[in-house]
Amino acid sequence: MIWEELTGPEFAAAVETCGRVCVLPIGVIEKHGDHLPLGQDTINIRAVALEAAKLEPMMVFPFYYFGQNTHAKCEPGAIAIRFDLLLQLLESVCDEICRNGFDKIVIFNGHGGNINMLNYFCEKLLDAEKPYSVYTLFDTSAHHKAGYLEAGYDGHGGECETSLMSVIRPDLVKSMVAAEYGKSLEREAAFRKLNAHTPSWWYAKHPRMLAADTTPATREKGKLAFRDEAEGLAELVRLVKRDDTPGRLYREFHARSRRPLEPYPGDN
């Protein structure tokens, strides 16, 4: 089900058809080498969600590209929203999804830079109880499937992402081979060796927003990766529908937080 394409009556019926599960695909707008579109993450992740919806009924939220993206400001075209606003906006959007009938929200992430933000967002939901459950998924399975990916070093803008986009929007792919500047510069290697993190960690490694070798991508690889990612999301949605353990524990946590001195059931 595609949220923005439904009429009001169609939407109301779709809430139950989808098992009250809404998928929020989230990406960013940033450079992916010289050969892929700025909207790579957002375009890709929503296309995968729409494909997954063919396998298992789910509501798919409109394009959402307000993710953590400060590290990309050094290259043209990046959209980087303030951190405080990012979290407020995401919470407000989830509140609105719930107000429209969905009590289970799967945030389907297509951008590695969003992982820490989304983990923090989940922790933030322990501050004040919400009438919905949130699940986050960053599906990297396609990057690790043996047999069809060949790159020794494949990441941002590399073999997998290029192969995927060649299937989803081939008109936006300028070349099936990434540029030669994708190897990490390792300009802060001494700090990484001691497990130290810095604000410039990504810029130190990949200032031109490419993290991949020049292994050519193909549409055949893209079709396999697209299938794998769609099946992975559909499998999670099926689990979300049949198993409410995370929601039950979320509610239990908040109940105990209001009465932390009470014993657990069964304790002496």
Inset, instruction - Please lay out, stage by stage, how Phe138 and Leu118 fare under the test side-chain contact (heavy atoms from CB on, under 4.5 Å). - result: CA-CA 10 Å; Phe138 179 54; Leu118 293 176; over 6 Å; no
Inset, instruction - Take Arg238 and Glu235, measure what salt bridge (Lys or Arg N to Asp or Glu O under 4.0 Å) needs, and give me the verdict at the end. - result: CA-CA 5 Å; Arg238 293 186 192 104; Glu235 182 179 1; over 6 Å; no
Inset, instruction - Apply salt bridge (Lys or Arg N to Asp or Glu O under 4.0 Å) to Glu220 and Lys223, showing your working. - result: CA-CA 5 Å; Glu220 289 70 28; Lys223 290 175 182 177; 5.2 Å; no
Legend entry - Worked check of side-chain contact (heavy atoms from CB on, under 4.5 Å) between Glu229 and Glu51: CA-CA 9 Å; Glu229 292 198 359; Glu51 185 68 15; over 6 Å; no
Inset, instruction - Assess whether salt bridge (Lys or Arg N to Asp or Glu O under 4.0 Å) is satisfied between Glu252 and Arg256, documenting all intermediate values. - result: CA-CA 6 Å; Glu252 178 184 303; Arg256 285 201 53 80; over 6 Å; no
Inset, instruction - Given salt bridge (Lys or Arg N to Asp or Glu O under 4.0 Å), test Arg192 with Glu186 step by step and report yes or no. - result: CA-CA 9 Å; Arg192 298 297 93 76; Glu186 299 297 336; over 6 Å; no
Legend entry - side-chain contact (heavy atoms from CB on, under 4.5 Å) between Glu75 and Glu30, worked out: CA-CA 8 Å; Glu75 289 289 325; Glu30 67 174 6; over 6 Å; no
Inset, instruction - Could you please spell out the steps behind the side-chain contact (heavy atoms from CB on, under 4.5 Å) verdict for Tyr132 and Ile97? - result: CA-CA 9 Å; Tyr132 52 84; Ile97 291 172; over 6 Å; no
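Here the NE2-CG distance, from His35 to Leu210, works out to 6.5 Å after rounding to the nearest 0.5 Å. Remark: Gln40 CD to Lys31 NZ distance equals 14.0 Å, nearest 0.5 Å. A distance of 10.5 Å separates CZ in Phe11 from CD in Glu4, rounded to the nearest 0.5 Å. Remark: Arg169 CZ to Leu36 CG distance equals 12.5 Å, nearest 0.5 Å. Note that the CG atom of Leu125 and the SG atom of Cys94 stand 7.5 Å from one another [nearest 0.5 Å]. In this structure, CD on Gln88 lies 7.5 Å from NZ on Lys124, to the nearest 0.5 angstrom.
No side-chain heavy atom of Asp103 sits under 4.5 Å from any side-chain heavy atom of Pro131. Side-chain contact check for Trp202 versus Met209: some heavy-atom pair is nearer than 4.5 Å. You'll find the side chain of Asp41 stays beyond 4.5 Å of the side chain of Asn114, heavy atoms only. A heavy-atom distance below 4.5 Å is found between the side chains of Leu90 and Leu24. Within the 4.5 Å cutoff, the side chain of Glu161 has no heavy atoms near those of the Asn44 side chain. Looking only at side-chain heavy atoms (C-beta outward), Pro170 and Arg219 come within less than 4.5 Å of each other. Contact annotation: the side chain of Val28 never approaches that of Gln68 to less than 4.5 Å [non-hydrogen atoms, C-beta and beyond]. Here the side chains of His206 and His156 are not in contact, with every heavy-atom distance at 4.5 Å or above.
Residues Tyr135 and Ile26 are members of separate hydrophobic clusters, defined by side-chain heavy-atom contacts under 4.5 angstrom among Ile, Leu, Val, Met, Phe, Trp and Tyr. The hydrophobic clustering, which links ILVMFWY residues whose side-chain heavy atoms are closer than 4.5 Å, places Leu89 and Phe83 apart. Val15 and Met59 fall within a single hydrophobic cluster, where Ile, Leu, Val, Met, Phe, Trp and Tyr side chains are chained together by heavy-atom contacts under 4.5 Å. One hydrophobic cluster, built from ILVMFWY side chains closer than 4.5 Å, holds both Leu50 and Val240. Cluster membership for Ile105 and Leu6, using ILVMFWY side-chain heavy atoms within less than 4.5 angstrom, is shared.
The side chain to side chain donor-acceptor pair (under 3.5 Å) with Ser200 is formed by just one residue from the set Glu188, His71, Lys205; it is Glu188. Screening Val237, Thr17, Leu236 for a side-chain contact (heavy atoms from CB on, under 4.5 Å) with Met58, the sole residue that qualifies is Val237. When each of Phe61, Tyr64, Phe63 is checked for a ring-ring contact (aromatic ring centres under 6.0 Å, His included) with Trp3, only Phe61 meets the rule.
Between the side chain of His111 and the backbone N or O of Asn109 there is no donor-acceptor pair closer than 3.5 Å. When atom types are taken as modelled, the side chain of Arg208 and the backbone of Gly182 share no donor-acceptor pair closer than 3.5 angstrom. The backbone N or O of Val134 sits nowhere less than 3.5 Å from a side-chain atom of Tyr250 that would complete a donor-acceptor pair.
Nearest approach of Pro57 to Lys241, heavy atoms of both residues: O-NZ, 2.7 Å. Considering every non-hydrogen atom in both Ser133 and Gly247, the closest pair reads OG-CA, 3.2 Å. For the pair Ala52 and Leu233, the tightest heavy-atom approach, listed with the atom from each and the gap, is CB-CD2, 3.7 Å. Nearest heavy-atom pair across Ala225 and Cys160 is CB-SG, 4.2 Å. Looking at every heavy atom in both residues, Pro25 comes nearest to Ala49 through CG-CB, 3.9 Å. Closest of all the heavy-atom pairs between Lys221 and Ser163 is CB-OG, 3.7 Å.
Listed by first then second residue, pairs satisfying ring pair (Phe, Tyr, Trp, His ring centres under 6.0 Å) with a partner in residues 172-197 read His197-Trp201, not counting sequence neighbours.
For Arg187 and Tyr203, the positive end sits near the middle of the six-membered ring, less than 6.0 Å away and at most 45° from its axis.
Qualifying ring pair (Phe, Tyr, Trp, His ring centres under 6.0 Å) partners for Tyr65, counting only residues two or more places apart in sequence or in other chains: none.
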